[in-house]
A.B. asks: 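Sharing a structure, written as structure tokens. Questions coming.
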2 protein chains.
Amino acid sequence: MKPTDSELEILHVLWANGPSTVRQVHETLSQSRDIGYTTALKLMQIMYEKGLLTREEDARSHTYTAAVSEEDTQRNLVDRFVETAFRGSASKLVMQVLGQHKASREELDEIKKLLNNLNQDAGRRD
Amino acid sequence: MKPTDSELEILHVLWANGPSTVRQVHETLSQSRDIGYTTALKLMQIMYEKGLLTREEDARSHTYTAAVSEEDTQRNLVDRFVETAFRGSASKLVMQVLGQHKASREELDEIKKLLNNLNQDAGRRD
DNA sequence: AAACATATACGAACAATTTCGTAGATGCAA
DNA sequence: TTGCATCTACGAAATTGTTCGTATATGTTT
């Protein structure tokens, strides 16, 4: 259920480019790091067995599609990460990230807006 | 340099309780999961070799201390995590976390305050 | 001092992940 | 139709992380 780092790389390619053959995925992956064709193939076969990918057995090659959504996957990853790295304290994580990374004004505004809503909710609950 | 999940568990114990013997760490760890004494020992020995822990060779047992700070470690982990799970988009991560996790009003206020400062900075830079 | 409790060190098994070589199938081109 | 390019499948090695049993040393108690 939890994709490994390599599997995540492949998922990102499929999320960004849509259904692709092993060759296409390998081509993209090659641009950012050294990886053999059969390595990519094997990874995608394993992911298929795990249910992380579906595939269409076309004429000669197979076309693979991500079977899990980017959102769901990231939600799962975040859950685990908050737990292991921040012992469950999501707000600590948020503050760490905000203090550390740059974000555009638009992004900050969007976050602020979301935060205001949450703040109102929290107020009502008290 | 990057602690594994098990190593992180041990670091959390040491960060929370301060310098401790293997026995003390094992005692704490046992409360949350099944783990043998020698397993904890081995992990801490490896962490010592890696430089994640220092140790004081007392009379009979050793007293271990975290050699890396909680803040630095979390910063590193967040960096990697943003990269692998969110392809570098820190704000996506923040929004994912805020939308998903509950936080107390105090925490939200604190985040909001931090965010306002950042927002001003971003404004000035434009 | 002898027996016991408890510590470290070490080796090894096991599992998961990553990597790639090689074999065999299949379509296409000469 | 023969040979070349390219595909999948498979097996296996290398790496890393986790786990614990056993040996051995060292204090402590009687």
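Source: prediction; values computed, not measured. Letters A, B, ... mirror the listed sequences (proteins, then strands); counts begin at 1.
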A.B. asks: Could you pick out which residue, A/R60 or A/E7, lies toward the 5' side of DNA chain C when each is mapped onto its nearest nucleotide?
C.D. replies: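 So the residue in question is A/E7.
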
A.B. asks: Is the backbone of A/Q24 close enough, under 3.5 Å, to the side chain of A/T21 for a donor and an acceptor to pair up by distance?
C.D. replies: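 Present.
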
A.B. asks: Near DNA chain C, which residues from residues 75-88 of chain A have a heavy atom under 4.0 Å away?
C.D. replies: none

A.B. asks: Under 4.0 Å: is that the gap between some side-chain N or O of A/R33 and OP1 or OP2 of C/dT19?
C.D. replies: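 Looking at the OP1 and OP2 atoms of C/dT19, one of them is under 4.0 Å from a side-chain N or O of A/R33.
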
A.B. asks: Could you walk me through whether B/L11 and B/M47 pass the side chain to side chain contact (heavy atoms under 4.5 Å, CB included) test, one step at a time?
C.D. replies: CA-CA 10 Å; B/L11 283 175; B/M47 291 171 76; 3.7 Å; yes

A.B. asks: Mark yes or no for whether B/H26, through its side chain, and B/I35, through its backbone, hold a donor-acceptor pair below 3.5 Å.
C.D. replies: yes

A.B. asks: So, does B/S32 use its side chain to make a donor-acceptor pair with the main chain of B/S30 at under 3.5 Å?
C.D. replies: no

A.B. asks: Using a 6.0 Å cut-off, check whether atom CD of A/Q100 has over 12 heavy atoms from anything other than its own residue.
C.D. replies: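 For A/Q100, atom CD is crowded (more than 12 foreign heavy atoms under 6.0 Å).
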
A.B. asks: In terms of the angle between their ring planes, are A/Y64 and A/H62 parallel, tilted or perpendicular, with boundaries placed at 30° and 60°?
C.D. replies: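 A/Y64 and A/H62: tilted rings.
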
A.B. asks: What is the distance, rounded to the nearest whole Å, between atom OH of B/Y64 and atom P of C/dT8?
C.D. replies: 6 Å

A.B. asks: Is the phosphate of C/dT18 approached by A/S6 (side-chain N or O, under 4.0 Å from OP1 or OP2)?
C.D. replies: yes

A.B. asks: Starting at CE of A/M44 and ending at C1' of C/dT19, how long is that distance when rounded to a whole Å?
C.D. replies: 16 Å

A.B. asks: What's the CG-P distance between B/L8 and D/dT16, to the nearest Å?
C.D. replies: 19 Å

A.B. asks: Look at the side-chain N and O atoms of B/Q45 and state whether any lies under 4.0 Å from the OP1 or OP2 oxygen of C/dT8.
C.D. replies: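 Result: no.
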
A.B. asks: Among the candidates D/dC7, D/dT8, C/dT18, find the nucleotide nearest to the side-chain atoms of A/R23.
C.D. replies: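 Ranking D/dC7, D/dT8, C/dT18 by closest atom to the A/R23 side chain puts D/dC7 first.
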
A.B. asks: Rounding to a whole Å, what distance do you find between A/E49:CD and C/dT18:C1'?
C.D. replies: 15 Å

A.B. asks: C/dA15 C1' sits how many Å from B/D5 CG, rounded?
C.D. replies: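 It is 15 Å, rounded to the nearest whole Å.
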
A.B. asks: If you define the side chain from C-beta out and look only at heavy atoms, does anything of B/V25 sit under 4.5 Å from B/M44?
C.D. replies: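 Sidechains of B/M44 and B/V25: in contact.
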
A.B. asks: What is the distance, to the nearest angstrom, from the CD1 atom on B/I35 to the C1' atom on D/dT18?
C.D. replies: 9 Å

A.B. asks: Does anything in residues 36-43 of chain A come within less than 4.0 Å of DNA chain C? Heavy atoms only, and list the residues if so.
C.D. replies: A/G36, A/T38, A/T39, A/K42

A.B. asks: Going by the angle between their ring planes, with limits at 30° and 60°, are B/F81 and A/F81 parallel, tilted or perpendicular?
C.D. replies: parallel

A.B. asks: If you measure from the Lys or Arg side-chain nitrogens to the Asp or Glu carboxylate oxygens, is any gap between A/R75 and A/D72 under 4.0 Å?
C.D. replies: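 Answer for the salt bridge query: yes.
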
A.B. asks: To the nearest Å, give me how far apart CD1 (B/I10) and P (D/dG17) are.
C.D. replies: 14 Å

A.B. asks: Measure CG/B/L52 against P/D/dT16 and give the value in whole Å, please.
C.D. replies: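 Going from B/L52 (CG) to D/dT16 (P), I get 15 Å.
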
